[in-house]
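FYI, side chains are in, hydrogens and waters are out, and symmetry mates aren't considered; it's all heavy atoms of this structure.
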Amino acid sequence: MQFDDVILGRRSIRGYKPDPVPRALIEEILTIAMRAPSSMNTQPWNFTVITGEPLDRIRAGNTERMIAGVPQSREFRTGQPFAGPHRDRQIGVAKQLFAAMGIARDDQAMRQDWVLRGFRQFDAPVCVIITYDKVLDGSDDTPFDCGAVATALVNAAWSRGLGAVINSQGIMQSPVVREHAGIADDQVIMKSIALGWPDDDFPANAVVSTRKTVDEAAVFVGFAD
């Protein structure tokens, strides 16, 4: 694919085929992703790539704890709830997804099932956990760099026919993830990425989220026109 085709064509994939993803292909994608910009070349990111039985145990543990009402224990700060236009955009994409999946506003069972899909990593065959070195905790550059590598990863995956979605729900029960993925104590769990071959028959996969226009997002200073 051309660069523009990847950027403009990529979308978040929330429904996957069960087919395995070859380790060599994932290594190739990570190699490309790690060319992402990094503040002063610190490269704070690390990856734990999970599939098979360990991933199934994480799915089950996440689901059981959330249904039981165990408070979330996400390690990277969540900040304040969205408000204003940010909340409007959050609601907007949710409406798009629920419409695609035929989930009615008052259908609490289907809405809960949709939420639980996130804790199951959307049933993808692979989960990539992005962590960063704990000694860098508190650095603003570190999460910026991890965001850059996550973006590069999902774009590299898309260019090779794989789908992905960057997901916070899958790491909200961090003790489960640490136990079954064997993540070291010197790492902070930041994000998870579901990865696999897109299921073209899954309605939500056709959803394309809206974006602000350049006029809304950018201010140009010093230009003649």
Side-chain angles (χ1 to χ4, degrees), residues 12-14 16 20-36 38-39 41-79 115-157 162-196:
S12 294
I13 298 299
R14 297 175 173 87
Y16 296 87
V21 180
R23 174 173 171 169
L25 179 56
I26 299 172
E27 290 178 350
E28 179 180 315
I29 288 167
L30 290 176
T31 299
I32 293 170
M34 287 191 289
R35 294 304 307 173
S38 171
S39 304
N41 200 34
T42 52
Q43 302 179 58
W45 51 67
N46 291 294
F47 309 93
T48 301
V49 186
I50 315 161
T51 192
E53 186 180 348
L55 181 52
D56 288 339
R57 291 198 296 268
I58 291 173
R59 298 189 220 275
N62 282 347
T63 302
E64 289 168 7
R65 287 168 67 101
M66 294 308 299
I67 291 176
V70 177
Q72 68 96 357
S73 51
R74 177 178 166 180
E75 296 180 6
F76 187 72
R77 61 187 182 275
T78 57
V115 170
L116 290 176
R117 286 183 61 83
F119 295 108
R120 301 197 310 264
Q121 294 293 342
F122 296 93
D123 299 325
V126 175
C127 170
V128 181
I129 304 293
I130 298 180
T131 66
Y132 61 83
D133 300 330
K134 199 168 189 176
V135 295
L136 298 173
D137 211 11
S139 162
D140 288 337
D141 287 331
T142 293
F144 186 90
D145 289 354
C146 288
V149 83
T151 300
L153 194 161
V154 299
N155 285 330
L162 288 166
V165 60
I166 301 172
N167 171 29
S168 292
Q169 292 166 312
I171 56 168
M172 283 186 173
Q173 295 292 342
S174 60
V176 172
V177 178
R178 283 193 173 277
E179 177 185 356
H180 298 298
I183 294 175
D185 291 339
D186 65 355
Q187 296 295 299
V188 176
I189 298 174
M190 182 171 184
K191 281 288 184 181
S192 61
I193 299 176
L195 183 72

Do any N or O atoms from the side chain of [X] and from the backbone of [Y] form a donor-acceptor pair under 3.5 angstrom?
{"X": "E75", "Y": "V188", "answer": "no"}
{"X": "T51", "Y": "P125", "answer": "yes"}
{"X": "R74", "Y": "F76", "answer": "yes"}

Inset, instruction - If a pair satisfies salt bridge (Lys or Arg N to Asp or Glu O under 4.0 Å) and one of its residues is in residues 183-193, list it, with sequence neighbours excluded. - result: none
Say you draw a straight line from [atom1] of [X] to [atom2] of [Y]; how long is it, rounded to the nearest 0.5 Å?
{"X": "I166", "Y": "I193", "atom1": "CD1", "atom2": "CD1", "value": "5.0 Å"}
{"X": "M190", "Y": "I171", "atom1": "CE", "atom2": "CD1", "value": "8.5 Å"}
{"X": "C127", "Y": "F47", "atom1": "SG", "atom2": "CZ", "value": "12.5 Å"}
{"X": "H180", "Y": "T48", "atom1": "NE2", "atom2": "OG1", "value": "14.0 Å"}
{"X": "L136", "Y": "Q187", "atom1": "CG", "atom2": "CD", "value": "9.5 Å"}

What I'd like to find out is whether the side chain of [X] reaches to under 4.5 Å of the side chain of [Y], using heavy atoms alone.
{"X": "L162", "Y": "I29", "result": "yes"}
{"X": "N155", "Y": "I32", "result": "no"}
{"X": "S73", "Y": "M172", "result": "no"}

Report the residues that fulfil side-chain contact (heavy atoms from CB on, under 4.5 Å) with [X], sequence neighbours left out, ordered by chain and then residue number.
{"X": "P54", "answer": "I50, R57"}
{"X": "N167", "answer": "Q121, F122, Q169, S192"}
{"X": "P22", "answer": "L25, W197"}
{"X": "Q43", "answer": "S38, N41, W45"}

Salt bridge (charged side-chain N to carboxylate O under 4.0 Å, His left out) partners of [X], counting only residues at least two apart:
{"X": "R23", "value": "E27"}
{"X": "D123", "value": "R117, R120"}
{"X": "E64", "value": "none"}
{"X": "R65", "value": "none"}

All side chain to side chain donor-acceptor pair (under 3.5 Å) counterparts of [X], not counting sequence neighbours:
{"X": "D137", "value": "Y132"}
{"X": "S139", "value": "T142"}
{"X": "Q72", "value": "none"}

Legend entry - side chain to side chain contact (heavy atoms under 4.5 Å, CB included) partner of V49, chosen from L195, I129, L30: L30
